[in-house]
Amino acid sequence: MGIARLADVIKEEAAEAVSSFPLRQYRDRVIALDASIAIYQFRTATPKLFNRNGENISHLQGLFYRTLHLLENGIKPVFVFDGQPPDLKQPLLARRAEAAGARRDAAESRRAENLPRPLKQDCETLLSYLGVPYVQAPAEAEATCAALVKSGKVWCTATEDMDALPFGSLRLIRHLNSKNNCEVEEFSLPDILQKLGMTQEQFVDLCILLGCDYCGKIWQLGPKKALKLLQQHGTIEQVLQNIDPQKHPLPANWDLEGARRLFLQPEVADPGRITLEWRDPDPEGLVRFLAHEKHMNEARVCRRLQRWQEAQPKPEEAQPKHQAPREGRKQRKLGEFFPASKHARPPEVRGVRARPPGTRGARGMAQGIILC
DNA sequence: ACTCTGCTTCTAGACGGT
DNA sequence: TGAAGCAGAGT
DNA sequence: ACCGTCC
């Protein structure tokens with residue numbers, strides 16, 4: 001859900017902190033993406049795509065297309081997967097689950113938090129074949145994205161919800177879709193703080209008052225009042241002493257300190273122990289996995305891969321490999337991607353998991369690397 | 001006038017041919 | 001699910 | 001740019 005109306009507040013009160021750039025502006029930049037949100041978007045996009053076995057493969061198709069689009073634009077993506085949601089988020093998740101369950105069959109109600117294991121593994125396998133790194137966050141993905149940005153390993157976080165800002169992501173971009181010539185909207189956290197005249201701690205307080213995932217809202221305190229009162233008094237505690245508690249009752253079980261701690265000292269993957277590595281997509285592996293194993297339309301997969309290959313900046317040196325992007329061979333080249341054996345398993349490479357600090361995951365073989 | 005709430009409503013991704 | 005637009009009530 | 005289709 002993110003922070004209610006935060007984007008509106010920023011655009012109104014700190015418009016200078018928001019700019020918009022063409023995608024090409026981000027060439028050669030490392031961008032962290034919240035994998036769960038992206039996958040959730042693909043899964044809910046209409047219509048759902050089913051393969052011949054009745055499995056929903058919207059997420060694979062979406063991830064495949066969008067990632068290639070990013071790569072074609074010279075962007076170096078890194079996907080961050082959600083871990084365990086914080087306890088303070090449980091009430092929200094429960095409400096969500098209940099609402100979804102009441103509305104429809106509970107089967108489809110699972111939100112991206114805690115993606116079903118096979119779904120996530122499919123995505124990891126796909127990313128490995130695409131040569132794109134991914135990171136397992138211990139808790140909220142946005143928090144680890146922010147930590148990566150702060151560490152300098154990543155340029156910005158790309159996400160549709162604004163949580164990354166209170167988590168401390170110095171830059172956040174939205175609307176990073178696959179449309180041609182899409183304009184990306186960039187929020188600069190330092191500029192936001194400067195224009196609002198706030199510290200990061202005060203900004204976090206603002207986000208809590210606006211309404212976050214971790215605790216309820218104060219009745220009758222909306223964006224305008226919250227901002228004004230905070231700028232005036234500095235902290236939520238001070239604000240509370242200057243408003244009528246009768247007219248602005250606190251929600252039950254309001255854990256202000258807990259929410260603050262989740263934003264200011266979140267549990268994140270240690271950027272220092274993360275190695276990000278990109279390599280060329282593996283067309284054969286992709287065809288084998290997407291088309292043969294997951295039964296995505298083979299011609300489409302091949303066509304898209306071919307488009308990617310033709311968009312590659314040609315190395316001036318003669319490429320000894322099969323290539324020759326000449327005209328007239330387009331249709332014929334499809335055959336190159338077909339592996340010899342139809343039922344070949346994907347190579348036993350998978351990003352290593354990254355949980356306990358003791359586990360070193362960095363197997364040299366991993367295609368899609370990671371670890372912490 | 002301003003601001004917050006609650007209600008309604010619509011919409012979601014990407015490709016390819018036209 | 002959310003985001004956007006409108007009605008209405010409280011300040 | 002629009003719109004039907006993707007599986």
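When reading the values below, keep in mind they use all heavy atoms of this one structure, side chains included, and skip hydrogens, waters and symmetry mates. In the text below, chain A, chain B and the rest are named by the order of the sequence lines, each starting its count at 1.
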Taking OP1 and OP2 of dC6(D), is either one under 4.0 Å from a side-chain nitrogen or oxygen of Asn297(A)? no
Please round to the nearest 0.5 Å and tell me the distance separating atom CG of Leu189(A) and atom CD of Gln194(A). 11.5 Å
Hydrogens and angles aside, do Lys120(A) and Gln136(A) bring a side-chain donor and acceptor to less than 3.5 Å of each other? yes
Give Ser178(A) one of three labels, base, sugar-phosphate or nothing, depending on what nucleic acid heavy atoms sit under 4.0 Å from its own. sugar-phosphate
dC3(D) versus dT11(B) - spacing of their P atoms, nearest Å: 13 Å
Euclidean distance, atom CH2 of residue Trp308(A) to atom C1' of dA14(B) [Å, nearest integer]: 19 Å
Within the 4.0 Å heavy-atom criterion, would you say Phe50(A) contacts the bases, only the backbone, or no part of the nucleic acid? base
Checking Arg300(A) against Tyr65(A): is there a side-chain donor and acceptor pair closer than 3.5 Å? yes
Selected nucleotide, minimal atom distance to Tyr65(A) side chain, candidates dC7(D), dT11(C), dC15(B): dC15(B)
Taken to the nearest whole Å, NZ/Lys48(A) to P/dA12(B) is 15 Å
Choosing from dG6(B), dC7(D), dC4(B), which nucleotide comes nearest the side chain of Ile57(A)? dC7(D)
With a cut-off of less than 4.0 Å, is there a side-chain N or O of Arg5(A) near OP1 or OP2 of dA3(C)? no
Establish, from distance only, whether the side-chain atoms of Tyr26(A) and Glu186(A) form a donor-acceptor pair under 3.5 Å. yes
Between dT5(B) and dT11(C) - P atom distance, rounded Å: 12 Å
What interatomic distance, in whole Å, is found between P of dT9(B) and the corresponding atom of dC6(D)? 32 Å
Rounded to whole Å, please give me the gap between CD1 in Ile37(A) and P in dG2(C). 10 Å
dG13(B), OP1 or OP2 - any side-chain N/O from Arg66(A) closer than 4.0 Å? no
Just to be sure I understand the rule, does His69(A) reach a base, reach only the sugar-phosphate, or reach nothing, if contact means heavy atoms closer than 4.0 Å? nothing
Rounded to the nearest angstrom, tell me the gap between atom NZ in Lys224(A) and atom C1' in dT5(B). 16 Å
Is Glu237(A) salt-bridged to Arg260(A), going by a charged N under 4.0 Å from an acidic O? yes
Distance check needed: dC6(D) P versus Phe64(A) CZ, whole Å only. 17 Å
The side chain of Lys225(A) lies closest to which of these nucleotides: dG13(B), dA4(C), dC4(B)? dC4(B)
Which whole number of Å gives the distance between the P atom of dC15(B) and that of dT1(C)? 27 Å
I want to verify a distance call: between dG13(B), dT5(B), dC15(B), whose nearest atom is closest to the Gln61(A) side chain? dG13(B)
Any Arg43(A) side-chain N or O less than 4.0 Å from OP1/OP2 of dG13(B): no
Interatomic distance, Leu49(A) CG vs dA12(B) P [rounded to whole Å]: 16 Å
Whole-Å distance, Lys179(A) NZ to dA12(B) C1', equals 10 Å
To the nearest angstrom, how far is Leu68(A) atom CG from dC15(B) atom C1'? 13 Å
So, does Arg303(A) get its side chain near the phosphate of dC15(B), meaning an N or O under 4.0 Å from OP1 or OP2? no
Does Arg304(A) pair with Glu72(A) as a salt bridge, N-O distance under 4.0 Å? yes
